[in-house]
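In the text below, chain A, chain B and the rest are named by the order of the sequence lines, each starting its count at 1. Given the structure is predicted, the values throughout are model-derived calculations rather than measurements. For the numbers below, each heavy atom of this structure counts, side chains included, while hydrogens, waters and symmetry mates do not.
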Number of protein chains: 2
Amino acid sequence: MAEENQELRKAGLKVTLPRVKILQILETSQLASGHMSAEDVYMALRTAGEDVGLATVYRVLTQFEGAGLVTRHNFESGHSVFELARGEHHDHMVCVDSGEVVEFTDPVIEQRQREIAAQHGYELVDHSLVLHVRKKASPV
Amino acid sequence: MAEENQELRKAGLKVTLPRVKILQILETSQLASGHMSAEDVYMALRTAGEDVGLATVYRVLTQFEGAGLVTRHNFESGHSVFELARGEHHDHMVCVDSGEVVEFTDPVIEQRQREIAAQHGYELVDHSLVLHVRKKASPV
DNA sequence: TTGGTTGCAAACAATTTGCATAAAT
DNA sequence: ATTTATGCAAATTGTTTGCAACCAA
């Protein structure tokens, strides 16, 4: 009877074991700053002894996305990663070598984006910015 | 004997019919500002009466990417789109309603990205920025 | 000639879907 | 009792690969 139940109800979703568990996993995951693939979540579930099918993980994550509980990213082709939506927006930096993910926001960039869209007669609805970075070459 | 041959040679690739044709298709494509999926290229080829296999299209596009002739984007999950690399880098603006693609670059954003990466101990290798925009509401 | 290239079909990986069963309200 | 969710396996989609035939250098 944790607050997860409320979150789910508020999102209009029935409170079921798989949904609660998946929510908990996402909340506690420190993996890549909380960015998990469906497979990651699936494995975390069975490590936790929960017997939830992979198809259900996909279904639930997609529902969560629709409900705004979770954000889906396509950092690289081939598969998506999901993270809990914590209200405030942020962008990502992904290390091309290690896969580490760092989050950041920059008001200058945010502002310029709005201006640029406006210059072309558009309004900014959303955006996705991913910096592909590499640890600074440290002297050998 | 068009200039495509030179481009291919310069890239260290044998001049073959599929490669030349695919290069031409990408050059002449006005589809979504020249952003085509492998499937798009494949269909354009057979429309042009060329009998090239889909697997070859994938192989050639991947080779082109490696050779720097083409850039691969993962705007959305599930499939990649390719565009001719015309030297200068640029970002994209995609209209959420019409799917229109507009290209742009902004020195301010470029600069900030480098600074932000550096602040976190990284160097910027590459980045991808996509603005999701909508035509400004025009007064009814 | 000779090694790179292609086409086709089979192989793959990520994700989705059909359907009978199980669980939530 | 109803309605919705789950598990499993089969189906899809996008992409890659093995291999024999083929073609450019």
B/Leu13 CG - C/dG3 P separation (whole Å): 19 Å
field: C/dT15 phosphate, OP1 or OP2, under 4.0 Å from A/Tyr58 side-chain N/O
entry: yes
message: Is it the case that C/dG4 (base atoms only) and B/Arg59 (side chain only) share a donor and an acceptor within less than 3.5 Å, ignoring hydrogens and angles?
response: no
query: Can you check the A/Lys14 NZ to C/dT25 P distance for me, whole Å?
result: 7 Å
message: Just the rounded figure in Å: distance from P of D/dA5 to CD1 of A/Ile22.
response: 13 Å
- request: Quickly work out the A/Glu65 CD to C/dT16 C1' distance and round it to whole Å.
  value: 14 Å
field: Whole-Å gap separating C1' (C/dG4) and CZ (B/Arg9)
entry: 15 Å
message: The side chain of A/Ala38 is closest to which nucleotide in this list: C/dT6, C/dT15, D/dT6?
response: C/dT15
- prompt: With no hydrogens and no angle check, do the side chains of A/His89 and A/Glu110 hold a donor and an acceptor under 3.5 Å apart?
  reply: yes
query: Cut-off 3.5 Å, side chains only: do A/Glu100 and B/His120 have a donor facing an acceptor?
result: no
message: Using ring centroids (six-membered ring only for Trp), state whether B/His132 and A/His127 fall under 6.0 Å.
response: no
query: Rounded to the nearest Å, what distance is computed from the CG atom of residue A/Leu54 to the P atom of nucleotide C/dA14?
result: 10 Å
query: Under 30°, 30 to 60°, or over 60°: which ring-plane class applies to A/His73 and A/Phe75, parallel, tilted or perpendicular?
result: parallel
- line: Testing C/dT16, C/dG7, D/dA5 for proximity to the side chain of A/Ala55, the answer is C/dT16
- prompt: For B/Lys21 and D/dA24, what is the distance between atoms NZ and P respectively, to the nearest whole Å?
  reply: 14 Å
message: Between P on D/dT15 and CD on A/Glu76, what's the gap in Å once rounded to a whole number?
response: 14 Å
- line: Between the CZ atom in A/Arg59 and the CG atom in A/Leu54, the distance rounded to the nearest 0.5 Å is 10.0 Å
query: More 5' along DNA chain C: A/Leu17 or B/Asp51, using each one's nearest nucleotide?
result: B/Asp51
message: The side chain of B/Val60 is closest to which nucleotide in this list: D/dT17, D/dT6, C/dT6?
response: C/dT6
task: Report the residue (B/Thr16 or B/His79) whose heavy-atom-nearest nucleotide on DNA chain D is the more 5′ of the two.
output: B/His79
- prompt: With a non-hydrogen cut-off below 4.0 angstrom, is B/Ser80 in contact with a base, only sugar-phosphate, or nothing?
  reply: sugar-phosphate
